[in-house]
Every structure is written in C-alpha cells, then in structure tokens.
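Quick caveat, the model's predicted, so the values are computed rather than measured.
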Amino acid sequence: RAGNLVGALFSSFAVVFSITVVVLVFTVNDLQALLDSVYPFIGRIPWAFACMAGFAVIIVHWHKSPKASSWAVKGVGMIVICQLVGAGVTPFVSYAMEHYVMTKTQMGIMNGIIAIVLTLLNILAFSFLLAGVYADRNSESDPARHRQTPS
C-alpha cells in the first residue's frame, strides 16, 4: 500500500506539472517574461526531488515509527516551504522595485530580513528532522547495553 501511495503521489505531481506547463505555454503571451519569472524555481528542482524522495521514505516507513515519521514530515514540509519562499524572493523584490519607490538601502534591508527569516525557518526544519531521527530511540533498547561482559 505504501508503494502504491508513493507512486500515486509522484504520478499526481507529474500530471499536475505537465498540465500547468501546457496551460502556461498556450495562454501566456510573453514567453520570455514567463521564463524569467520561473527561473528562480529552476534552481530549486534538486531540492524538490530530494523532498519528494524524503516524503516517499517517510510514507514507506510510517508504520514502523509513526512518531519519528511525524517529526520528519514536519521537517521536510518546512524545507519545502523555505525553498518555495526562497525562490519567490527574487520575483517579489523585482516587483517591489518596479511598482514601489524604494531606495537601495530599503531593498537591502528587505533582503536581509527575508534572509534571516529563511535561515531561522531552515534551522527549525532541520531541528524537526533531527528530532525525527531521535524520536523513537530508547536508551534501554541499545544493543551495546545488553552485551554481557565475560566474568
């Protein structure tokens, strides 16, 4: 069942992505503007694949350790959010520069604040992943503790 669920998730992602690309190509008048707006997301594709693989592993192993898996889902989900927000910063800053009167100092401050927030969210995401790694471990179940020493 877990394998079927993972396959369904990947297939759904591929179908939604394909439909989106086809709709955008046939409805957008300025294809170069579309490519310019999508460019920041292209660099995030490896992260997207890593997160999808992470979700797949979490789903497959959920029944073995639900507590660890729930922490891992929170961490991977937070990484996805950070990647999407990070990719959206460049178009947002470009839009702000074109439509609002902002000085370079104000733009620098805005970029700095966004960078600090994204860094804190990434730290939180990796903390969730670390909590997932150690969530189901018991010191009593450590095999090294149960080894008997020769007398």
Side-chain angles (χ1 to χ4, degrees), residues 1-28 31 33-100 102 106-147:
R1 284 185 292 181
N4 289 340
L5 181 60
V6 169
L9 286 174
F10 284 143
S11 298
S12 301
F13 175 76
V15 167
V16 169
F17 182 75
S18 300
I19 290 172
T20 303
V21 167
V22 168
V23 167
L24 286 175
V25 166
F26 287 113
T27 59
V28 172
L31 195 57
L34 174 66
L35 291 175
D36 290 342
S37 64
V38 174
Y39 179 73
F41 294 96
I42 292 172
R44 312 287 177 158
I45 288 174
W47 276 102
F49 285 131
C51 289
M52 286 173 47
F55 278 128
V57 170
I58 291 166
I59 289 169
V60 169
H61 294 288
W62 191 281
H63 68 281
K64 291 181 183 176
S65 55
K67 187 176 179 183
S69 296
S70 67
W71 280 108
V73 164
K74 292 172 190 171
V76 173
M78 186 74 72
I79 290 172
V80 169
I81 290 170
C82 289
Q83 291 303 312
L84 290 174
V85 170
V89 168
T90 302
F92 173 72
V93 170
S94 297
Y95 178 83
M97 286 174 55
E98 291 174 10
H99 293 87
Y100 300 103
M102 298 182 80
Q106 291 171 328
M107 296 303 292
I109 291 171
M110 184 170 66
N111 279 332
I113 291 171
I114 292 171
I116 289 170
V117 169
L118 284 176
T119 300
L120 293 175
L121 288 176
N122 275 313
I123 290 170
L124 183 64
F126 287 109
S127 299
F128 285 160
L129 290 174
L130 198 59
V133 168
Y134 292 104
D136 286 337
R137 293 189 181 193
N138 295 329
S139 59
E140 298 163 2
S141 66
D142 186 10
R145 287 182 174 254
H146 296 293
R147 288 188 198 139

Visitor: Of all heavy-atom pairs between G132 and A68, which one has the smallest distance, and what is that distance?
Guide: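 That would be O-CB, 3.0 Å.
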Visitor: How long is the straight-line distance from CD1 of I79 back to CG of L84, given to the nearest 0.5 Å?
Guide: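 Here the rounded value is 12.0 Å.
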Visitor: Would you check, one step at a time, whether the test side chain to side chain contact (heavy atoms under 4.5 Å, CB included) holds for V85 with V117?
Guide: CA-CA 10 Å; V85 170; V117 169; over 6 Å; no
Visitor: Measure the CE-OH distance between M110 and Y100 for me, rounded to the nearest 0.5 Å.
Guide: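 Separation between the atoms: 10.5 Å.
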Visitor: Test side chain to side chain contact (heavy atoms under 4.5 Å, CB included) on L130 and W71 and set out the steps.
Guide: CA-CA 8 Å; L130 198 59; W71 280 108; over 6 Å; no
Visitor: Looking only at heavy atoms, what is the nearest atom pair of L118 and G86, with distance?
Guide: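 Where L118 meets G86 most closely, the heavy atoms are CD1-CA, 3.7 Å.
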Visitor: Quick one: does W62's side chain get under 4.5 Å of V73's, heavy atoms only?
Guide: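 Side chain of W62 against side chain of V73, heavy atoms only: contact under 4.5 Å found.
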Visitor: Search all heavy atoms of M78 against all heavy atoms of L121 and return the closest pair with its distance.
Guide: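 Closest approach of M78 to L121, heavy atoms only: CG-O, 3.6 Å.
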Visitor: Kindly indicate whether the side chain of I109, heavy atoms from C-beta on, has any atom under 4.5 Å from the side chain of I113.
Guide: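 Yes, at least one pair of side-chain atoms sits under 4.5 Å.
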